[in-house]
Amino acid sequence: MSKFIQNKNLLVLKNISHIYNQDTQKIKVLNNINIRVLKGEMISLIGPSGTGKSTLLNIAGLLESPTFGSVNLCGQDCTKLSEENKTILRGSKIGFIFQSHRLFKEFSAFENVMLPQLIMGKSKIDAEKKSKDLLSVLGLKNRLEFRPAKLSGGEAQRVAIARALANSPSLILADEPTGNLDAISANNVFDILYKLVKSLDISCIFATHNNELAKLMDRKLLLKNGSIDDE
Ligand code: ADP
Ligand code: MG
């Protein structure tokens with residue numbers, strides 16, 4: 001039984017504390033945080049601005065090393081991995097979505113979804129098929145050749161979702177991905193992402209200020225004064 005439970009852990013953050021050194025000042029952001037994310041779970045991360053949501057997502061996404069504590073992703077302890085191995089693990093297991101789409105503005109929607117796959121060494125034919133399939137699922141079949149400037153905010157975020165899924169990750173880290181969208185587009189982007197997370201049986205941590213969206217997710221992590229209330 002314990003083995004079964006262990007296998008369902010996609011991400012385990014253990015005793016995470018984080019301190020930024022800013023000039024002579026020490027800014028303590030996270031204080032002994034423990035989070036366990038199961039396979040297939042969609043979790044909201046909420047809390048006022050400046051409480052450390054992005055810091056926590058950056059640590060979970062192996063972009064930043066915590067001052068104390070450990071990150072275990074897909075059964076692998078990442079604490080002592082070299083930067084090179086972290087980059088490989090990040091590329092194959094994690095997809096990021098940000099508040100602004102962060103698409104390359106000189107590339108089309110299709111090319112933006114192709115790029116991370118080619119970087120990871122996938123063949124052009126396979127990457128093309130995956131890009132077309134994903135953009136179709138996201139309702140963007142007629143936008144393949146559009147550059148980001150020609151897309152609406154909601155469409156650009158859907159391309160960003162396709163890009164995040166391009167290398168078939170196990171975990172999506174979404175940092176206020178609906179923060180710049182109107183209510184209808186925000187709901188639409190959330191719905192699509194939620195359905196994809198469930199149908200692909202992957203996991204997602206979704207930072208948001210939107211309590212209505214938070215209620216629709218499986219679980220809520222409330223970040224306050226550097227600590228988590230895991231509801
Ligand atoms: P949130 O995403 O919840 O708004 P952040 O994780 O961005 O919060 O920031 C948490 C705190 O850490 C803030 O006080 C911020 O100023 C500080 N901070 C974030 N990044 C850095 C950094 N690179 N250096 C110093 N302080 C930082
Ligand atoms: Mg933030």
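As the structure lists them, so they are numbered: ligands from 1, and atoms in each ligand from 1.
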Subject >> Any side-chain donor near an acceptor of the partner, Lys28 and Thr67, under 3.5 Å >> reply: no
**OP:** Report yes or no: does Gly47 have a heavy atom closer than 4.0 Å to ligand 1?
**Re:** no
**OP:** Among all protein heavy atoms, pick the one closest to atom 4 (O) of ligand 1 and tell me residue, atom and distance.
**Re:** Gly50 N, 2.7 Å
Original post:
Near Phe68 CZ, under 6.0 Å, is it more than 12 heavy atoms from other residues, nucleotides or ligands?
Top reply: no
Original post:
More than 12 foreign heavy atoms under 6.0 Å from CD of Glu84: is that the case here?
Top reply: no
**OP:** Quick one: look up the protein heavy atom nearest atom 25 (C) of ligand 1 and list residue, atom name and how far away it is.
**Re:** Gln22 OE1, 3.3 Å
**OP:** State, without any angle test, whether Asn210 and Thr208 hold a side-chain donor-acceptor pair at a distance under 3.5 Å.
**Re:** no
**OP:** May I ask you to identify, for Thr55, whether its side chain, its backbone, both or neither come under 4.0 Å of ligand 1 on a heavy-atom basis?
**Re:** both
**OP:** Would you indicate whether Asn225, at its atom CG, is surrounded by more than 12 heavy atoms from other residues, nucleotides or ligands within a distance under 6.0 Å?
**Re:** no
**OP:** Would you mind running through ligand 1 and noting each atom that sits below 4.0 Å from a heavy atom of Lys53?
**Re:** 1 (P), 2 (O), 3 (O), 4 (O), 6 (O), 8 (O)
Subject >> Nearest-0.5 Å distance that lies between atom NZ in Lys86 and atom OG1 in Thr79 >> reply: 8.0 Å
Original post:
Heavy-atom distance from atom 15 (C) of ligand 1 to the protein below 4.0 Å?
Top reply: no
**OP:** Report yes or no: does a heavy atom of Pro48 sit under 4.0 Å from some atom of ligand 1?
**Re:** yes
Original post:
N/O of Ser49 under 3.5 Å from N/O of ligand 1, yes or no?
Top reply: no
Subject >> Protein contact to atom 23 (N) of ligand 1 [nearest heavy atom, distance to 0.1 Å] >> reply: Tyr20 CE2, 3.6 Å
Original post:
Is the closest side-chain donor-acceptor distance between Asn15 and Asn32 under 3.5 Å?
Top reply: yes
Subject >> For atom 12 (O) of ligand 1, the protein heavy atom that lies nearest, with its residue and separation >> reply: Val29 CG2, 3.4 Å
**OP:** Identify the protein heavy atom lying closest to atom 7 (O) of ligand 1, giving its residue, its atom name and the separation to 0.1 Å.
**Re:** Ser54 CB, 3.8 Å
Subject >> Presence of N, O or S from Ser54 under 2.8 Å of the Mg ion (ligand 2) >> reply: yes
Subject >> Residue, atom name and distance, where the atom is the protein heavy atom closest to atom 8 (O) of ligand 1 >> reply: Gly52 N, 3.1 Å
Original post:
Would you call Leu193 and Cys204 a side-chain contact if the rule is heavy atoms closer than 4.5 Å?
Top reply: yes
Original post:
Between Lys14 and Asn34, does any side-chain donor sit less than 3.5 Å from a side-chain acceptor?
Top reply: no
